[in-house]
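Only one structure is covered here, and it is reproduced in the block below.
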Number of protein chains: 2
Amino acid sequence: MENGIANLLGALSLAVMDRIEQGAREVVGRGGETPAALIVIGYGQGMTNDKLRRILGLSHSGTVRLVDRLVSDRLVERRAGKDGREVALHLTASGAASRNELLASRISAVTSLLDVLSSAERKQLATLIRELLARQDTSEMDRFTICRMCDDRVCANCPLPTNKGQHAR
Amino acid sequence: MENGIANLLGALSLAVMDRIEQGAREVVGRGGETPAALIVIGYGQGMTNDKLRRILGLSHSGTVRLVDRLVSDRLVERRAGKDGREVALHLTASGAASRNELLASRISAVTSLLDVLSSAERKQLATLIRELLARQDTSEMDRFTICRMCDDRVCANCPLPTNKGQHAR
DNA sequence: ATAAATATGTGCGTAGCGCACATATATAGT
DNA sequence: ACTATATATGTGCGCTACGCACATATTTAT
């Protein structure tokens with residue numbers, strides 16, 4: 001009976017991701033890690049192929065082909081990175097627009113599940129989830145991975161720590 | 001700032017599903033809806049191809065091929081259904097064993113995220129999630145879909161309603 | 001100046017899935 | 001009873017998303 005909570009959270013998470021992924025596919029016409037890639041690339045300027053690979057948890061070639069698809073969809077451009085071997089990934093105007101749609105669709109999908117709760121209940125839930133995340137043992141890369149779909153316009157101070165293994169002692 | 005809760009739940013759900021899917025792939029060596037199919041087939045005796053299709057949200061042919069893979073992995077058998085055109089899907093002994101591993105792996109994956117909370121916090125969280133699920137407007141088929149990975153040994157009384165659209169009036 | 005590390009791109013194969021079509025059985029209408 | 005329709009499954013074909021192994025270019029270390 002003590003595992004009931006794990007089962008409930010598992011079921012809720014599945015329902016949440018089903019809705020997020022369905023919306024994402026409708027927005028960008030693609031599945032897998034492609035929507036997440038668009039969001040991650042838009043996070044800052046000059047994302048490289050290799051950093052993207054580690055954040056998405058894909059193989060190198062898988063990432064190159066994923067970027068190929070984004071480029072052929074005119075959502076992303078490959079520019080020269082300062083390092084000469086690096087490729088700097090930049091969103092096109094259309095890519096930035098799709099990214100915004102994607103983020104809005106995701107928030108809307110989750111909100112539609114949440115709005116059966118009262119405002120007080122939502123606040124309670126937010127506090128619990130924030131604590132849950134804040135106490136995880138995550139590295140900086142883990143955080144990027146978990147937050148690869150996050151809306152940076154909404155999530156001001158991410159609760160996830162970024163110092164796993166830093167006091168290696 | 002009011003969307004913060006939606007973003008948090010989205011991030012948590014992604015983290016939960018990442019871990020569940022990774023564990024499932026390690027157990028059955030397959031991804032996509034294949035692990036869920038194994039769980040659903042084990043739910044009761046004589047699941048049909050068509051019911052499975054609707055629960056998993058796949059196309060008809062996709063479902064047939066999915067079952068082909070389960071059969072070739074010796075996890076599932078196709079037996080004659082009473083209806084003559086139906087196929088009755090049954091787990092083999094090895095399929096039932098894999099299913100149990102799958103369920104255990106899922107509970108363990110979620111628990112590893114949850115155990116940073118105190119017992120009281122987990123109880124609070126369980127209450128909130130149970131309420132959230134109980135107030136959704138779900139049909140019986142929606143419920144099967146959301147619960148397609150659920151552990152029936154753990155989830156005694158599912159909070160999800162099953163009466164969407166029954167008072168059509 | 002050479003070796004090793006880093007970053008990207010490519011040939012090839014596979015898993016997972018959908019569309020359109022074909023087939024078999026059951027049910028309904030006359 | 002006989003045809004028409006609905007239901008359930010299987011198949012040919014193609015595509016998307018991905019990984020492995022290999023090749024290439026640039027940077028850093030010795």
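Naming: A, B, ... by sequence-line order, numbering from 1 per chain.
- Note on Val64(A): a base of the nucleic acid sits closer than 4.0 angstrom, heavy atoms only.
- Think of the region where chain A sits on DNA chain C: with heavy atoms and a 4.0 Å cut, that region ends 5' and 3' at dA5(C) to dC12(C).
- Side-chain contact annotation: Asp142(B) with Thr145(B), donor-acceptor N/O pair under 3.5 Å absent.
- The closest side-chain heavy-atom distance from Asp152(B) to Tyr43(B) is below 4.5 Å.
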(request) Please assess Arg54(B) against Asp50(B) for the test salt bridge (charged side-chain N to carboxylate O under 4.0 Å, His left out), listing each intermediate value before the final yes or no. (result) CA-CA 6 Å; Arg54(B) 274 176 285 190; Asp50(B) 193 60; 2.5 Å; yes
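- The CZ atom of Arg78(B) sits 12 Å away from the C1' atom of dA8(D) (whole-angstrom rounding).
- If you take NE2 of His60(A) and P of dA25(D), they are 14 Å apart, rounded to a whole angstrom.
- With hydrogens and angles ignored, a donor-acceptor pair closer than 3.5 Å exists between the side chain of Ser61(A) and the base of dC20(D).
- Here the side chains of Leu52(B) and Leu89(B) are in contact, with some heavy-atom distance below 4.5 Å.
- Residue Thr48(A) is classed as a sugar-phosphate contact, given heavy-atom separations below 4.0 Å to backbone atoms only.
- One interatomic measurement links the two molecules: CD of Glu21(B) to C1' of dC18(D), which rounds to 14 Å at whole-angstrom precision.
- Comparing Arg85(A) and Thr34(A) against DNA chain D, the residue whose closest nucleotide sits nearer the 5' end is Thr34(A).
- No contact: Asp68(B) has no heavy atom under 4.0 Å from any strand.
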(request) Could you walk me through whether Leu91(B) and Leu75(B) pass the side chain to side chain contact (heavy atoms under 4.5 Å, CB included) test, one step at a time? (result) CA-CA 6 Å; Leu91(B) 296 182; Leu75(B) 300 176; 5.8 Å; no
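- Near DNA chain C, defined here as any heavy-atom distance below 4.0 Å, the residues from residues 24-33 of chain B are Arg30(B), Gly31(B), Gly32(B), Glu33(B), listed numerically.
- A side-chain contact (heavy atoms from CB on, under 4.5 Å) with Leu132(B) holds for exactly one of Leu8(A), Asp115(A), Leu125(A); it is Leu125(A).
- Atoms CG (Asp50(A)) and P (dA25(D)) sit 19 Å apart, rounded to a whole Å.
- Under the 3.5 Å distance criterion, with hydrogens and angles disregarded, no donor-acceptor pair is assigned to the side chains of Arg153(A) and Asn3(B).
- Where Arg65(A) and Asp83(B) each meet DNA chain D at their nearest nucleotide, the meeting point lying more 5' is that of Asp83(B).
- In this model, the phosphate group of dC18(D) is approached by a side-chain N or O of Arg69(A) to a distance below 4.0 Å at OP1 or OP2.
- Under 4.0 Å is where a charged nitrogen must lie from a carboxylate oxygen, and between Arg135(B) and Glu131(B) at least one such pair does.
- Val40(A) places a side-chain heavy atom less than 4.5 Å from the side chain of Met47(A).
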